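The analysis underlying the following values was restricted to heavy atoms, covering all of them including side chains, and did not include hydrogens, waters or symmetry mates. What you see is a predicted model; the values in this text were computed from it and never measured.
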Amino acid sequence: MGNSAFKAHLETAQKTGVFQLTGKGLTEFPEDLQRLSGNLRTIDLSSNKIEALPPMVGKFNLLKSLTLNNNRISRLPDELCRLKKLETLHLSGNQISQIPADFVQLLALKTLNLSGNQLRTLPAQLCKLRNLDVVDLSKNRIQAIPDEVSGLQAIELNLNQNQISQISVHISHCPRLKVLRLEENCLELSMLPQSILGDSQISLLAVEGNLFEIKKLRDLEGYDKYMERFTAIRKKFA
């Protein structure tokens, strides 16, 4: 991309508060964006070849949406956690194996997409974010859902296509969790806590492609209660 074209993008972004530059082969986060740190609300740099986010990303104090899908990012800087207004963070299709400890400071975060990365555990930091609605951790390498999950405030949790073989019974204590996606994991029926069916808020449980036949779910205690919630939601949106 020529320098004049890039400058034109910057000028437009200055007026609109939106900077979008996707599929241009960028190898780094554009340094010139710093000039707009005081007025950008949306940044989308998807489908580039960016390997790292610089510390200056923490200066975009009005930023509400940051999208960096399909890059080559392997780690996130601590400074990212200074984005107090960030509501949407899309980082699917990168090489991220862990998130910063200070991720708990992203208090405004509502939507997080870390699909298609290298996570091996469900990050405990997510269970302390009070405004989180949707979490997508599909296509990672997560093997278990830990006890801390009970603090998760999300309405939807997508864990499709991981390597999960163990689920803490505490998942049924998630106060707002309505949609739990666990398709194509390594779950035996005996490892699925029955409290998810009989004693949780979950009204859509997707477990196709595990190590049991779906129809065997019907034999579990609490299945009737789950179906009542499932049907009620279907009626509501019909």
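For the side-chain contact (heavy atoms from CB on, under 4.5 Å) with Asp133, the lone residue among Arg176, Glu156, Gln153, Glu87 that qualifies is Arg176. Checked options Thr42, Leu86, Thr88; the residue passing with Leu63 is Leu86 (criterion: side-chain contact (heavy atoms from CB on, under 4.5 Å)).
Linking ILVMFWY side-chain heavy atoms closer than 4.5 Å, directly or via other members, places Leu187 and Tyr223 in a single hydrophobic cluster.
Considering only heavy atoms from C-beta on, Arg181 comes within 4.5 Å of Val179 through its side chain. Looking only at side-chain heavy atoms (C-beta outward), Leu80 and Leu66 come within less than 4.5 Å of each other. No side-chain heavy atom of Ser37 sits less than 4.5 Å from a side-chain heavy atom of Leu62. Side-chain contact check for Arg229 versus Leu204: every heavy-atom pair is 4.5 Å or farther apart. Side-chain contact check for His9 versus Phe19: some heavy-atom pair is nearer than 4.5 Å. Residues Thr22 and Leu45 have side chains not in contact (no heavy-atom distance under 4.5 Å, counting atoms from C-beta outward). Proximity of Ile171 to Ile196: side-chain heavy atoms (C-beta onward) are separated by under 4.5 Å at one or more points. Between Leu109 and Phe103, the closest side-chain pair of non-hydrogen atoms falls below 4.5 Å.
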Is there a side chain to side chain contact (heavy atoms under 4.5 Å, CB included) between Asn48 and Leu68? Walk through the geometry before answering.
CA-CA 8 Å; Asn48 282 293; Leu68 288 148; over 6 Å; no
Between Leu83 and Asn61, is the side chain to side chain contact (heavy atoms under 4.5 Å, CB included) condition met? List the steps.
CA-CA 6 Å; Leu83 301 176; Asn61 53 358; 6.0 Å; no
Start with the C-alpha distance between Leu112 and Val134, add both sets of side-chain angles, then the distance that settles side chain to side chain contact (heavy atoms under 4.5 Å, CB included), and finish with yes or no.
CA-CA 6 Å; Leu112 174 65; Val134 178; over 6 Å; no
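Side-chain atoms of Arg141 and Gln118 form a donor-acceptor pair, as typed in the model, at a separation below 3.5 Å. Between the side chains of Thr67 and Asn69, no donor-acceptor pair is found at a separation under 3.5 Å. A donor-acceptor contact closer than 3.5 angstrom is absent between the side chains of Ser46 and Asn70. Side-chain contact of Asp199 with Ser172: a donor-acceptor pair under 3.5 Å is absent, judged by distance alone.
For Arg35 and Asp32, the salt-bridge test passes: some basic side-chain N is under 4.0 Å from an acidic carboxylate O.
Shortest non-hydrogen contact noted between Leu192 and Ile167 is CD1-CD1, 4.0 Å. In terms of heavy atoms, Lys84 sits closest to Ala108 at O-CB, 3.4 Å.
Looking only at distances, no side-chain donor or acceptor of Glu221 sits under 3.5 Å from a matching main-chain atom of Gly198. Asn210 places a side-chain N or O within donor-acceptor distance of the main-chain N or O of Leu182, the cut-off being under 3.5 Å. A side-chain donor-acceptor contact under 3.5 Å links Ser168 to the backbone of His170. A donor-acceptor contact shorter than 3.5 Å is absent between the side chain of Asp136 and the backbone of Asn113. At distances below 3.5 Å, not a single donor-acceptor pair connects side-chain atoms of Asn158 with backbone N or O atoms of Leu180. Between the Asn140 side chain and the Ser97 main chain, no donor and acceptor come within less than 3.5 Å of each other. Under a 3.5 Å cut-off, the side chain of Asn162 and the backbone N or O of Leu119 do not form any donor-acceptor pair. Using modelled atom types, one side-chain atom of Asn117 and one backbone atom of Gln95 make a donor-acceptor pair closer than 3.5 Å. Side chain of Asp102 to main chain of Cys81: no donor-acceptor pair is present (N/O by atom type, distance under 3.5 Å, no hydrogens or angles).
Within a 6.0 Å sphere centred on CD of Glu208, heavy atoms belonging to other residues, nucleotides or ligands number more than 12.
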